[in-house]
Amino acid sequence: MLKTNLLVLYLSYRDPRVKWFAKLFTLCVVAYAFSPIDLIPDFIPILGYVDDLIIVPIGIVLALKMIPQVVLEENRPKAQEILNKPRNWYTATLFIIVWVLLAAWLSVYVYNRFFS
């Protein structure tokens with residue numbers, strides 16, 4: 001449900017019928033939900049998960065209320081279709097290989113430039 005709502009928000013954000021302030025708020029909610037950086041770090045006992053359990057769902061609910069119902073109804077089936085698609089693991093593997101090779105090259109470059 002959370003994934004579906006986030007995808008609906010993302011799809012709705014791109015719709016021209018959504019007002020600019022709703023787009024801005026929706027963008028902030030979706031970016032914060034997918035961001036690895038939290039307001040309260042997860043290693044702090046109990047409080048670390050407050051943003052994941054309270055802040056993100058409240059943001060989603062508020063963003064859904066700001067977007068016109070027509071837009072949401074159009075984007076829900078699209079979100080379900082995207083979530084039900086099979087994953088393309090070959091593309092993901094290719095991206096991982098490229099990043100690993102780039103990191104290896106950068107490491108060798110920095111080592112040869114500064115330490116040899």
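Note that the numbering runs from 1 along the sequence shown for the chain.
Considering CG of Leu106 and CH2 of Trp99, their distance stands at 10.5 Å, rounded to 0.5 Å. Ile55 CD1 to Ile60 CD1: the interatomic distance, rounded to the nearest 0.5 Å, is 12.0 Å. Between the CD1 atom of Ile97 and the CG atom of Leu102 there is a distance of 13.5 Å, given to the nearest 0.5 Å.
Each of Leu2 and Leu27 belongs to its own hydrophobic cluster when Ile, Leu, Val, Met, Phe, Trp and Tyr are linked at side-chain heavy-atom distances under 4.5 angstrom. Hydrophobic clustering of Ile, Leu, Val, Met, Phe, Trp and Tyr side chains at less than 4.5 Å, counting indirect connections, unites Val18 with Leu9. A single hydrophobic cluster is not seen to contain both Tyr13 and Leu64; linkage of ILVMFWY side chains at heavy-atom distances under 4.5 Å, directly or through other members, places them apart. Under the 4.5 Å side-chain contact rule for hydrophobic residues, Val100 and Tyr111 do not share a cluster. The hydrophobic clustering, which links ILVMFWY residues whose side-chain heavy atoms are closer than 4.5 Å, places Phe34 and Ile54 together.
Within the structure, every pair that satisfies the side chain to side chain donor-acceptor pair (under 3.5 Å) test and touches residues 24-34, not counting sequence neighbours, is listed here: Tyr32-Asp51.
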Check against side-chain contact (heavy atoms from CB on, under 4.5 Å), Leu62 and Phe25: CA-CA 9 Å; Leu62 291 174; Phe25 186 77; 3.7 Å; yes

Identify each donor-acceptor pair in which a side-chain atom of residues 66-78 lies under 3.5 Å from a protein atom, sequence neighbours left out, and give them as a table.
{"from": "Glu74", "atom 1": "OE1", "to": "Arg17", "atom 2": "NH2", "distance (Å)": "2.6"}
{"from": "Glu74", "atom 1": "OE2", "to": "Arg17", "atom 2": "NH1", "distance (Å)": "3.3"}
{"from": "Glu74", "atom 1": "OE2", "to": "Arg17", "atom 2": "NH2", "distance (Å)": "3.4"}
{"from": "Asn75", "atom 1": "ND2", "to": "Ser12", "atom 2": "OG", "distance (Å)": "3.0"}
{"from": "Asn75", "atom 1": "ND2", "to": "Val71", "atom 2": "O", "distance (Å)": "3.1"}
{"from": "Arg76", "atom 1": "NH1", "to": "Asn5", "atom 2": "OD1", "distance (Å)": "3.1"}

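Partners of Thr91 by side chain to side chain donor-acceptor pair (under 3.5 Å), not counting sequence neighbours, listed by chain and number: Asn88. By the ring pair (Phe, Tyr, Trp, His ring centres under 6.0 Å) test, Tyr109 is found to be paired with Trp105, residues two or more places apart in sequence or in another chain being considered. With sequence neighbours left out, Arg14 forms a side chain to side chain donor-acceptor pair (under 3.5 Å) with no residue at all.
Other residues sharing a hydrophobic cluster with Leu11 under the 4.5 Å side-chain heavy-atom criterion for ILVMFWY residues are Leu7, Tyr10, Ile82, Leu83.
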